[in-house]
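We use all heavy atoms of the structure for the numbers below, so side chains are in, but hydrogens, waters and symmetry mates are not. All of these numbers come straight from a predicted model, not from anything done at the bench. Just so it is clear: chains get the letters A, B, ... in the order the sequence lines come, proteins before strands, and each one is counted from 1.
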Amino acid sequence: MQTNGQMSRFGAMKVALHRLAFVVLVVAAFGLMLLGKADTLLVSRVGTAVSDALTPVLEVMSKPAASVGAVMNNLRELAAIRAENARLREENQRLLHWQTLARRLEAENQRLRELGNMVPDPTPRTLTGRVVADTGGVFARSLLVTVGSRHGARSGQVVVAGEGLVGRLTEVGARSSRVLLLTDINSRVSVVMEESRARAILVGNNRNRPDLAFLKSQTGVSPGDRIVTSGIAGAFPPGLPVGVVASVDEGHIRVELFIEESRLELVRILDYGLNGIVADPGAGNAPP
Amino acid sequence: MRPTPWQSLIQTLRSLIPFGLSVVLLLIAIVPMTTPGFLRAGPMVTVLCVYYWAVHRPDMMGYLGGFSLGVLEDILMNTPLGVSSLVLMLVQAVVLTQYRFFVGKPFLITWWALALVALGAILLKALIIAVLTGHVTAPGALLASYGLTLLLYPVFAWVFAWADVLLSKEA
């Protein structure tokens, strides 16, 4: 009888402890939310430390995934090889025409620069990193890359892939960095329409196609128009290719980016020496 | 008979298997896969993990496990710290308060119950994030994530059931 009583007391105590743990941890979760609002630098540093520690693991895990992805890509490409070949031939013809034109323009440009004593654009220092985590999701869009402060990365640096702008570094650890993608809801990039030179802001929306906002007038904007960075605010250098207008609905202009976020394996980090709008609080880390 | 220190260590390590497996699945979910666009909808991997263990072996992943998994998810996903922890612990609490309902139920019933729990979880998470950041998530994106979460549950349940059998054999 006494043993039964002891056991029931033990059971009741266990249930009470379980409930207490729940209450304490719920309070702790709210505490973390408040801390995240109050001390973004501390939270950012903790996040960077954890990401840094996990990067070697993610790097190992991403290699077989990349191999599987490459095999799947090969299979997909094999299936469409004839059509792709025809498309590439046609594109080659078109590009040869553009090459001739570009050479002529380059020569003309060179002459005009010499005539005007123009100061040449700065050549950026380049770092290349592998993408080890793609946290593209519903609530945030970012990448983790294997380039950190020990390689010379700093927060605010520009990240590009072959086809165009990817985003910028927001948190930099010793061996890894977080790239805030253009599609992230916190991303704002000053852009310009390449043809009309109309300025606008590219606003991330956590979807594949970010919005074009603060454009003075939508008239004259049509699908296919190219968009490049404007260089205003100093966060990005001018002229980096961003994407093309995908759709123009009432009040909404969606942009198709040149890069395909889900297919990024290697990215280039460009250092133009711009401090931009991202302040570097001493330790190389910045809140997003 | 009191367990030897070695047996205690093995026991502790075994009790960490559900949490460890959940962390591995979370990491796999963020490894770049060059997958088709629809898979980037961002399934709620951690909700699947805590839901399975709360339904089948509540003793194997307590609130501390859910809290820690949430903190790790928020750090990796760049979402406000504490949000996922709160949501995951609430998922655990909801399942544990309805534990009698889940006992011995077939897989389809638990899948159906997940549909309700996951809906509450994603709406709550979107609401807290909207309050904290001022950004309202598009309903379409939430729906895509929710749908993908439900679709992935059988895969996760299969992996966890395999681990569950392994744990039961060695117990």
Applying a strict 4.5 Å limit to non-hydrogen atoms, the region of Leu27(B) in contact with chain A is both
Separation between OG1 (Thr137(B)) and CZ (Arg207(A)), nearest 0.5 Å, reads 10.0 Å
Rounding to 0.5 Å, atoms CG (Leu144(A)) and CG (Leu76(B)) come to a distance of 7.0 Å
Interatomic distance, NZ@Lys37(A) vs OG1@Thr133(B), rounded to 0.5 Å, equals 7.0 Å
d(Ile185(A) CD1, Asn78(B) CG) to nearest 0.5 Å is 12.5 Å
- Task: Taking atom CZ of Phe107(B) as the centre, report whether more than 12 heavy atoms of other residues, nucleotides or ligands fall under 6.0 Å from it.
- Result: yes
Note: vs chain A, highest number of non-hydrogen pairs under 4.5 angstrom among Ile30(B), Ile28(B), Leu96(B) is Ile30(B)
Turns out that what part of Leu34(A) lies under 4.5 Å from chain B's heavy atoms comes down to neither
Margin query: Is the distance from the ring center of His135(B) to that of Phe139(A) below 6.0 Å?
Written below: no
Given Ile122(B), Thr79(B), Leu132(B), the one with more heavy-atom pairs under 4.5 angstrom with chain A than any other is Leu132(B)
Practice prompt. Starting from the C-alpha separation in whole Å, work towards a yes-or-no answer on side-chain contact (heavy atoms from CB on, under 4.5 Å) for Leu86(B) and Met33(A).
Written response: CA-CA 10 Å; Leu86(B) 182 68; Met33(A) 286 180 220; 3.7 Å; yes
The reported gap from CG in Leu25(A) to OH in Tyr63(B) (rounded to nearest 0.5 angstrom) is 9.5 Å
inquiry  = Quick check on Tyr99(B): does its OH atom have over 12 non-hydrogen neighbours (other residues, nucleotides or ligands) under 6.0 Å away?
reply    = yes
If one checks every heavy atom of Val43(A) against chain B at 4.5 Å, the contacting part turns out to be side chain
Bottom line for Ile128(B): the part with an atom under 4.5 Å from chain A's heavy atoms is side chain
Is any side-chain heavy atom of Leu54(A) less than 4.5 Å from a side-chain heavy atom of Leu72(B)? yes
Residue from Ser84(B), Ala126(B), Gly70(B) scoring the most non-hydrogen pairs under 4.5 Å with chain A is Ala126(B)
The interface call for Val57(A) against chain B, heavy-atom contacts under 4.5 Å, is side chain
